[in-house]
Amino acid sequence: MNYLYVMDTNVKPRFKIGVSNNPKRRRREIERTIQAQHGKDKTVSVLWQKEIEDAYDVELQTHFYLKPFNDQFYTTNGSTEWFNASLKKIYSTIGSALRWYKQKPVALPKGMIRDNINGRIIKKAYLTKDQINKIEENNNVNI
């Protein structure tokens, strides 16, 4: 099972919305990356986490709603999932995403693929051609 989480950092007043099966481990990974780029005094905290069956779908929906607030301030995996919005806005948007992700789902962004086996939504650029073919084969079997 995966967790949808909200993190913050002392680099900037920004909030990260992501998915992980282990948010504490993910926090440490992100913190190491941020410290390498912004200094050892920079920290990342998990503010909220909730185990959600369709966490990747809720994350996608939330990111779509918050797109105008997106703020990438470092580079590497997960760097595009930070938002310059109030915590109240973040939480209310997650609530809206939880309400609407099944009834009015947003389209997958260009260059992304959904793995119906585990629910992940992955950038095709991170995958080999064989991995993409396998996901597409599995997805067709499950329809």
Side-chain angles (χ1 to χ4, degrees), residues 1-128 131-132 134-143:
M1 186 66 84
N2 289 306
Y3 293 85
L4 183 70
Y5 62 76
V6 176
M7 295 184 188
D8 75 344
T9 179
N10 64 349
V11 176
K12 287 182 162 190
R14 303 291 184 264
F15 300 99
K16 181 179 188 322
I17 301 157
V19 172
S20 177
N21 62 0
N22 186 334
K24 289 179 182 179
R25 183 190 71 231
R26 184 69 180 127
R27 183 207 64 79
R28 289 189 302 270
E29 292 168 356
I30 294 165
E31 186 173 77
R32 280 193 298 270
T33 300
I34 288 175
Q35 286 177 345
Q37 294 179 29
H38 293 281
K40 292 291 182 191
D41 62 329
K42 304 308 177 193
T43 60
V44 174
S45 303
V46 177
L47 300 177
W48 175 87
Q49 64 184 34
K50 181 173 175 76
E51 195 172 30
I52 298 177
E53 184 177 339
D54 299 323
Y56 288 101
D57 294 308
V58 175
E59 177 196 38
L60 178 66
Q61 195 89 7
T62 303
H63 288 180
F64 177 79
Y65 292 158
L66 289 172
K67 190 172 184 168
F69 301 96
N70 189 256
D71 181 32
Q72 184 175 348
F73 64 92
Y74 70 98
T75 56
T76 65
N77 188 4
S79 63
T80 61
E81 299 176 338
W82 291 86
F83 300 92
N84 180 11
S86 70
L87 195 53
K88 182 178 179 180
K89 175 73 173 171
I90 297 292
Y91 289 145
S92 68
T93 302
I94 291 170
S96 294
L98 282 164
R99 180 175 180 195
W100 295 108
Y101 81 95
K102 285 186 180 178
Q103 294 172 319
K104 296 183 180 181
V106 299
L108 280 180
K110 187 177 180 179
M112 304 290 275
I113 189 170
R114 176 187 310 279
D115 184 345
N116 289 340
I117 300 295
N118 62 26
R120 291 192 67 197
I121 298 168
I122 312 162
K123 285 185 181 178
K124 287 183 177 181
Y126 295 160
L127 303 172
T128 66
Q131 289 172 316
I132 292 169
K134 185 173 183 176
I135 289 170
E136 289 173 343
E137 287 172 13
N138 288 336
N139 287 350
N140 288 334
V141 169
N142 293 326
I143 291 177

Rounded to the nearest 0.5 Å, what separates atom CZ in Arg32 from atom CD in Gln37? 13.5 Å

Looking only at non-hydrogen atoms, find the nearest pair between Glu81 and Gly18 and report the distance. OE1-CA, 3.9 Å

What are the two closest non-hydrogen atoms of Pro23 and Val46, and how far apart are they? O-CG2, 4.1 Å

Using a distance-only test with no angle check, is there a side-chain donor-acceptor pair under 3.5 angstrom linking Lys16 and Tyr5? yes

If you compare all heavy atoms of Asn84 against all heavy atoms of Pro13, which two are closest, and at what distance to 0.1 Å? OD1-O, 4.0 Å

Sorted by chain and number, sequence neighbours left out, ring-ring contact (aromatic ring centres under 6.0 Å, His included) with Phe83 holds for His63

Any chance you could measure Asp8, atom CG, to Leu47, atom CG, to the nearest 0.5 Å? 4.0 Å

Kindly state each residue pair satisfying salt bridge (charged side-chain N to carboxylate O under 4.0 Å, His left out) with at least one member in residues 61-73, sequence neighbours excluded. Lys12-Asp71, Arg14-Asp71

Those residues that, when tested against Asp57, pass side-chain hydrogen bond (donor to acceptor under 3.5 Å, both in side chains) (two or more places apart): Arg114

Side-chain donor/acceptor of Asn70 to backbone N/O of Thr80, under 3.5 Å: yes

Less than 4.5 Å apart, side chain to side chain, heavy atoms only: is that true for Ile52 and Leu98? yes

For Glu31, salt bridge (Lys or Arg N to Asp or Glu O under 4.0 Å) partners two or more places apart: Arg27

Using a strict cut-off of less than 4.0 Å between a Lys/Arg side-chain nitrogen and an Asp/Glu carboxylate oxygen, indicate whether Glu29 and Arg26 qualify as a salt bridge. yes

Rounded to the nearest 0.5 Å, how far apart are CD of Glu59 and OH of Tyr3? 16.0 Å

Start with the C-alpha distance between Thr9 and Thr43, add both sets of side-chain angles, then the distance that settles side chain to side chain contact (heavy atoms under 4.5 Å, CB included), and finish with yes or no. CA-CA 6 Å; Thr9 179; Thr43 60; 5.7 Å; no

So which pairs with a foot in residues 38-49 pass salt bridge (charged side-chain N to carboxylate O under 4.0 Å, His left out), sequence neighbours left out? none

One should read off an interatomic distance between Leu127 CG and Ile132 CD1, to the nearest 0.5 angstrom, of 5.5 Å

Any side chain to side chain donor-acceptor pair (under 3.5 Å) pairs touching residues 90-108, not counting sequence neighbours? Asp54-Tyr101

Closest non-hydrogen atom pair between Leu4 and Trp48, with its separation: O-CZ3, 3.7 Å

Closest contact, heavy atoms only, Trp82 versus Met7: CZ3-O, 4.0 Å

Residues, nucleotides or ligands: over 12 heavy atoms within 6.0 Å of Phe64 CZ: no

Hey, what do you get for CD1 (Ile90) to CG (Leu66), rounding to the nearest 0.5 Å? 5.0 Å

One should read off an interatomic distance between Asn2 CG and Asn21 CG, to the nearest 0.5 angstrom, of 6.0 Å

Please report the shortest heavy-atom distance between Ala107 and Leu60, naming the atom on each side. O-CD2, 4.3 Å

Between Val19 and Val58, is there a side-chain heavy-atom distance shorter than 4.5 Å? no

